[in-house]
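Following: one structure in structure tokens, then a few remarks.
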Amino acid sequence: MTKDEALKKAFKQAFQLGQDYWYQADHEYVSQNKKSDVTREKFEQLMEDAIKEALANPEPWEKFCDSNCVWTDHHPDCKLAQQEPVAYLCENAVGHKYFRWKKPSSIYKPIALYTRGQA
């Protein structure tokens with residue numbers, strides 16, 4: 001089971017426990033009111049377990065990446081990495097093609113070049 005599936009399952013269980021809790025807490029019988037305390041404890045335990053599970057086993061890309069990650073060559077599975085162009089293929093006024101390291105203005109019709117294909 002993936003982390004996403006586990007969290008979806010935990011959210012569904014939490015929703016159902018919330019429904020049961022409010023049914024029991026608003027019920028006119030004392031026996032149902034007492035059950036609401038147990039349901040609340042189950043909910044709290046479910047939330048603790050879901051948080052522990054989510055934080056316990058990080059995905060491979062979560063171990064060393066953040067939103068500024070650009071090191072796709074070192075860990076290509078990084079979901080957060082944004083590839084930066086290594087050069088630009090440009091065209092001058094006469095139609096000759098040439099390379100530039102820095103991005104030129106749109107007049108030169110720059111085409112970004114990457115070390116790997118875009119995902």
Nearest heavy-atom contact between Q24 and T39 is OE1-OG1, 2.6 Å
CD of Q32 to OH of Y23, rounded to nearest 0.5 Å, is 5.5 Å
Students should find that the hydrophobic cluster of L46, defined by side-chain heavy atoms under 4.5 Å apart, otherwise consists of L17, F43, M47
### Query
So, are E44 and R40 salt-bridged, with charged N and O less than 4.0 Å apart?
yes
So CG of L89 and NZ of K109: to nearest 0.5 Å the spacing works out to 11.5 Å
One should read off an interatomic distance between K102 NZ and C90 SG, to the nearest 0.5 angstrom, of 13.5 Å
When rounded to the nearest 0.5 Å, the distance separating CD of E41 from CD of Q45 is 9.5 Å
Nearest heavy-atom contact between S36 and A25 is CB-N, 3.7 Å
Residues, nucleotides or ligands: over 12 heavy atoms within 6.0 Å of Y98 OH:
yes
Step-by-step side-chain contact (heavy atoms from CB on, under 4.5 Å) determination, Y88 to Y108: CA-CA 10 Å; Y88 295 89; Y108 300 102; over 6 Å; no
Notebook entry, point to check: Does the side chain of E5 come within less than 4.5 Å of K9's, by heavy atoms?
Noted result: no
